[in-house]
Amino acid sequence: MIKIKPLPPTSIEELQQRAFTLAGKTLYQLALEQGLCVPTTLHHAKGWIGQLLENALGANANNLDQPDFTSLGIELKTLPINAQGQPIESTYICTAPIPNRDPCFEQSRVWRKMAHMLWVPILSLARQPIKHRQIGTPILWSPDPLIFHDLKQDWEELMELMSLGHFEDLSAHKGKYLQIRPKAANSKTFVRVLNHEGQMISTVPKGFYVRTLLTQRIIQENYIT
DNA sequence: ATTTGATCATTT
DNA sequence: AAATGATCAAAT
């Protein structure tokens, strides 16, 4: 089977136009266009839907530490939602740099991705085969000043804990919209870090995630059923 | 080894 | 039921 991947969109309008043509399609339809089969379970294909959408839209960052549409500075995220339009899962953003290499929120990996995002809702109903999941109307989104403020505050709080070596206080419970969670192949994976007493300790690599509290707001305020 | 794409599974 | 912590696969 030949895999069809368009060139990256050259403008926001082109990306938006492409994205809108996907609305209403099922994963089966989209996969067929790419000569792919939809897996019956995501147990061993957790990122499959995200990759399908990247291919369909011409994302070109691959696994680089950059927004998916590099030249447009736009990050693509699929967002599973239920019948009520509520997000089912939190959203991974990027790895947390340990030790910190981001000078400030405005120049952080988190902000580079969150400044401009294309959310593609995936209507994911229980007991429905994955191939029948339907693509929703995409949402081109940027944080408003209030959200920006909260994200920045979360980032600064979380980065301060890490920079000061307070890994024992760092958990998914911190942060209003952003949180830090383990991000590794498994819980035995570790990196060496300096704790707040200056000692080398081991910890599991971390990633930044967005809580459903924020994605729920984005859906409520922007989603067209 | 690391970053991407996330969802799974256990705990609360 | 929702949130946290654990895990899986591909690309480089």
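In what follows, every chain begins at residue 1, and chains take the letters A, B, ... in the order their sequences are listed. All values derive from a computational prediction rather than experimental measurement.
Here the C1' atom of nucleotide C/dA3 and the CD atom of A/Gln216 are 13 Å apart, to the nearest Å. Spacing between atom CG of A/Leu64 and atom P of C/dA10 amounts to 19 Å, rounded to whole angstrom units. Counting to the nearest Å, the P atom of C/dG5 and the CD atom of A/Gln179 are 8 Å from each other. A straight line from OH of A/Tyr92 to P of C/dA6 spans 16 Å, rounded to a whole angstrom. In this structure, A/Ile180 atom CD1 and C/dA3 atom P are separated by 18 Å, rounded to whole Å. When rounded to the nearest whole Å, the span between CG of A/Asp68 and P of C/dA10 equals 19 Å.
When heavy atoms are screened at a 4.0 angstrom cut-off, A/Lys113 is found touching the sugar-phosphate backbone but no base atom. Using a 4.0 Å heavy-atom cutoff across all strands shown, A/Ile88 reaches no nucleic acid atom at all. Here A/Lys183 lies in heavy-atom contact (under 4.0 Å) with a base. Residue A/Ala61 is classed as having no contact, given no heavy-atom separation below 4.0 Å to the nucleic acid. Among the heavy atoms of the strands lying under 4.0 Å from A/Pro80 are primed sugar atoms or P, OP1, OP2 only; no base atom is included.
At the phosphate of C/dA3, neither OP1 nor OP2 sits under 4.0 Å from any side-chain N or O atom of A/Ser90. Phosphate contact (OP1/OP2 of C/dA3, side-chain N/O of A/Arg181, threshold under 4.0 Å): absent.
In the set C/dT7, C/dA11, C/dA3, C/dA3 carries the atom at the smallest distance from any side-chain atom of A/Thr212.
No hydrogens or angles considered: nothing links the side chains of A/Thr212 and A/Gln216 as a donor-acceptor pair under 3.5 Å. Using a 3.5 Å distance cut-off with no hydrogens or angles, the side chains of A/His132 and A/Thr26 do not pair a donor with an acceptor. For the 3.5 Å distance criterion, the side chains of A/Arg192 and A/Ser202 qualify, holding a donor opposite an acceptor. For the residue pair A/Tyr177 / A/Arg217, a side-chain donor-acceptor distance below 3.5 Å is found, with atom types taken as modelled. Donor-acceptor pairing under 3.5 Å is lacking for the side chains of A/Arg18 and A/Gln16.
Of the charged side-chain nitrogens involved, none lies within less than 4.0 Å of a carboxylate oxygen, so that A/Arg112 and A/Glu75 do not count as a salt-bridged pair. Salt-bridge check for A/Lys176 with A/Asp150: passed, with a basic side-chain N closer than 4.0 Å to an acidic carboxylate O. Of the charged side-chain nitrogens involved, none lies within less than 4.0 Å of a carboxylate oxygen, so that A/Glu54 and A/Lys5 do not count as a salt-bridged pair.
Side-chain rings of A/Trp111 and A/Phe148 approach one another, their centers coming within less than 6.0 Å.
Nearer the 5' end of DNA chain C, as judged by each residue's closest nucleotide, is the contact made by A/Gln86, out of A/Asn186 and A/Gln86. Along DNA chain B, the nucleotide nearest A/Leu76 and the nucleotide nearest A/Val191 are compared for position; the residue whose nucleotide lies closer to the 5' end is A/Val191.
Residues meeting the side chain to side chain donor-acceptor pair (under 3.5 Å) test with A/Thr137, sequence neighbours left out: none.
Within residues 41-52 of chain A, the residues approached by DNA chain C to less than 4.0 Å at the level of any non-hydrogen atom are A/His43, A/His44, A/Lys46, in residue-number order.
On the nucleic acid side, DNA chain B has its first and last nucleotide under 4.0 Å of a heavy atom of chain A at B/dT3 to B/dA9, going 5' to 3'.
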